[in-house]
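Right, one structure below, let's go through it.
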Amino acid sequence: MQNEKMMILKMLESGKISTEEASRLLQSVDTGAPAPVAPPSPSAPSGTYTAPSPSTYTPNSQIRPPSSPPPAPAPHASSPSPPRSSSQQGQHPSDGHSILDDIGHKFDEWGPKIRKATATVAEKLVSGVDRLSKSISDYSAPPPSGGAPRPRPSSHATGGLTEKNIEMLVEPGFSELNLSGQNGDVRVKGYNSDKISARISYKAKRAGAHIELMKLGNKYFLKYEPDDFEIVNIDAYVPERSFSVIRIDGVNANMDCASLSAGEMAISNANGGLRVAGITAGNLKAESGNGRFIASNIVADSAVLENVNGVMETDELDIAKLKLNNYNGPLSLLMSNFSRYTDYLWNIETGNAKLNMNLPTLPDLGYHIKAHAAMSEIRLGLTGLQFLIHEASLVEARSVQFDSAARKVKMTVETSNGPLMIN
């Protein structure tokens, strides 16, 4: 009898029979009589749960228990085994809890979790609506056809800025470019054109403060009184080869200068990162402090590249006469070739940090290297060198074919409180 009941319950659990059929089968097992066959009804009785069959079940379907099962009829006094009520159909004979009760308990457990998840979604929705409302209020509608664009504030960490778009034709001949920013990023890139196209974003300290791009004689410059402005950002495209002199500087920001060519070029930044790339110059000076300095693909007759209190990364510096210094920060140099000049004279120095150099070994290239590492060691891994001095912290070495080399590199390298490696 117990095995038969277990089989009936397993059939009910798998959905092969309904709870009403399971109730009749269990009752027949208890009484020993065959289970009565009830005529099929179009729908289940009120308050009765019918398990979904495997063919009709979908993962997103939800089963809601009735609010309260109908009361069970009172047992007859002379009946030794009272019939089961509709509320007891599907009840396990040993645990005293119906399937509906189990589902009700599950809903009681899930209720707080559902309410918490709903509150979280609502909170995110309200936050998103607030952001959308703010962005709509800040948006400036496009101007009517043919009208001038309406200025709108651009997002900035320090607040809204006023933008000014400027274009100016650069006349041929000897000319000079001066651009200066403060407390804002400076980006100047050369391109194939004869116009300066710039977007100036600024925040003035007083009403009526004036800033504009001007031409005075052969000089093009951004004119403003520094005391009248809190922030001046520069994002400019300038003619790549139209200027004989270029001066760009900034303070308390990041600077990026690329694809520029001039006889004289000076780039300076204080308290921020600096990147110079694709620069061609007769004489170049680039200096920065308290930030990361990156110099890449530079061609110059002479150059001074200096940084203080930051990482300095350099590569492909085809410079005849170079002074490369970094203080209180590591310095790395990567070269694949020396191709433009016959003679190179380099002075490289770093303080209180590591100096790492990777130099090419070529048949027509000769080196004469003097290296000094105070309070540290030198590792010189270039091949084809003859050592004149070979000590732990002092090395002088020369390529065997230095005198006959088509290109000669004379290099003085020095560091303190950090290893010096040349490979």
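We use all heavy atoms of the structure for the numbers below, so side chains are in, but hydrogens, waters and symmetry mates are not. We count residues from 1, following the sequence as given.
Here Lys321 does not pair with Asp301 in a salt bridge; the nearest charged N to carboxylate O distance is not below 4.0 Å.
Of the possible donor and acceptor atoms, none in the side chain of Lys285 sits under 3.5 Å from a partner among the backbone N and O of Ala303.
No side-chain donor from either of Asn233 and Asp185 sits under 3.5 Å from a side-chain acceptor of the other. For the residue pair Asp249/Ser180, the side-chain donor-acceptor check at 3.5 Å is satisfied. Between Asn326 and Thr350, the side chains place no donor N or O within less than 3.5 Å of an acceptor N or O (distance only, hydrogens not considered). A donor atom on one side chain and an acceptor atom on the other are not found under 3.5 Å apart for Thr412 and Asn347. Counting only N and O atoms by type, the side chains of Glu396 and His368 include a donor and acceptor under 3.5 Å apart. Between the side chains of Glu176 and Asn178, a donor-acceptor pair is found at a separation under 3.5 Å. Between the side chains of Arg199 and Tyr237, not a single donor N or O lies within less than 3.5 Å of an accepting N or O. A side-chain N or O of Glu316 and one of Ser336 form a donor-acceptor pair less than 3.5 Å apart.
Counting heavy atoms from C-beta on, the side chains of Tyr341 and Asp318 come closer than 4.5 Å. Between Ile422 and Leu359, some side-chain heavy-atom pair lies under the 4.5 Å cut-off. Side chains of Phe243 and Ile196 form a contact here, defined as non-hydrogen atoms less than 4.5 Å apart. Taking 4.5 Å as the limit, every side-chain heavy atom of Ser302 sits out of range of all side-chain heavy atoms of Ile319. Between Val413 and Trp346 the shortest side-chain heavy-atom distance does not fall below 4.5 Å. Between Tyr367 and Tyr344, every side-chain heavy-atom pair lies at or beyond the 4.5 Å cut-off. Leu274 places none of its side-chain heavy atoms less than 4.5 Å from the side chain of Ile294. Here the side chains of Asn352 and Tyr327 are not in contact, with every heavy-atom distance at 4.5 Å or above.
Counting only residues at least two apart or on different chains, the salt bridge (charged side-chain N to carboxylate O under 4.0 Å, His left out) pairs with a member in residues 287-297 are Arg292-Glu313.
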Worked verdict on Gln182 versus Tyr224 for side chain to side chain contact (heavy atoms under 4.5 Å, CB included): CA-CA 11 Å; Gln182 63 178 25; Tyr224 66 93; 4.0 Å; yes
From CA spacing to verdict: side chain to side chain contact (heavy atoms under 4.5 Å, CB included), Met312, Asn325: CA-CA 9 Å; Met312 193 171 191; Asn325 294 343; over 6 Å; no
Met357 and Asn423: CA distance, side-chain angles, deciding distance, side chain to side chain contact (heavy atoms under 4.5 Å, CB included) verdict: CA-CA 6 Å; Met357 301 168 56; Asn423 298 304; over 6 Å; no
Side chain to side chain contact (heavy atoms under 4.5 Å, CB included) evaluation trace for Leu334 with Thr314: CA-CA 6 Å; Leu334 175 63; Thr314 61; over 6 Å; no
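For Asp194, the CG atom counts as densely surrounded, since its 6.0 Å shell holds more than 12 non-hydrogen atoms of other residues, nucleotides or ligands. Within 6.0 Å of NZ in Lys215 there are more than 12 heavy atoms belonging to other residues, nucleotides or ligands. Around the CD atom of Gln386, the shell of radius 6.0 Å holds no more than 12 heavy atoms that belong to other residues, nucleotides or ligands.
Closest heavy-atom contact between Val170 and Tyr220: CA-OH, 3.6 Å. Taking both residues in full, the closest heavy atoms of Leu394 and Ile389 are given as O-CG2, 3.7 Å, listed atom of the first, atom of the second, then distance. Summarising the geometry of Asn307 relative to Gly289, their closest heavy-atom pair is OD1-N, 3.7 Å, with the distance given to 0.1 Å. Residues Ala353 and Thr415 come closest through the heavy atom pair O-OG1, 3.1 Å. Leu365 and Pro360 make their closest contact through CD2-O, 3.8 Å (heavy atoms, listed as atom of the first residue, atom of the second, distance).
The OG atom of Ser376 sits 7.5 Å away from atom CG of Leu420, with the distance rounded to the nearest 0.5 Å. Note that CG of Asp256 is 4.5 Å distant from CZ of Arg275, once rounded to the nearest 0.5 Å. Here the CD atom belonging to Glu212 is positioned 11.5 Å from the CD1 atom belonging to Ile200, to the nearest 0.5 angstrom. A distance of 8.5 Å separates CD1 in Ile279 from OG in Ser261, rounded to the nearest 0.5 Å. Residue Lys323 holds its NZ atom at 5.0 Å from CD of Glu306, rounded to the nearest 0.5 Å. In this structure, CG on Leu161 lies 9.0 Å from CD on Glu230, to the nearest 0.5 angstrom.
Between His390 and Phe387, the ring planes lie parallel to each other; the angle is under 30°, not in the 30° to 60° tilted range.
Tested against Val186 for a side chain to side chain contact (heavy atoms under 4.5 Å, CB included), the candidates Ile234, Asp235, Val251, Val232 yield a single pass: Ile234. Each of Lys223, Lys205, Arg206, Lys203 was evaluated against Asp228; a single residue qualifies, Arg206, per the salt bridge (charged side-chain N to carboxylate O under 4.0 Å, His left out) test.
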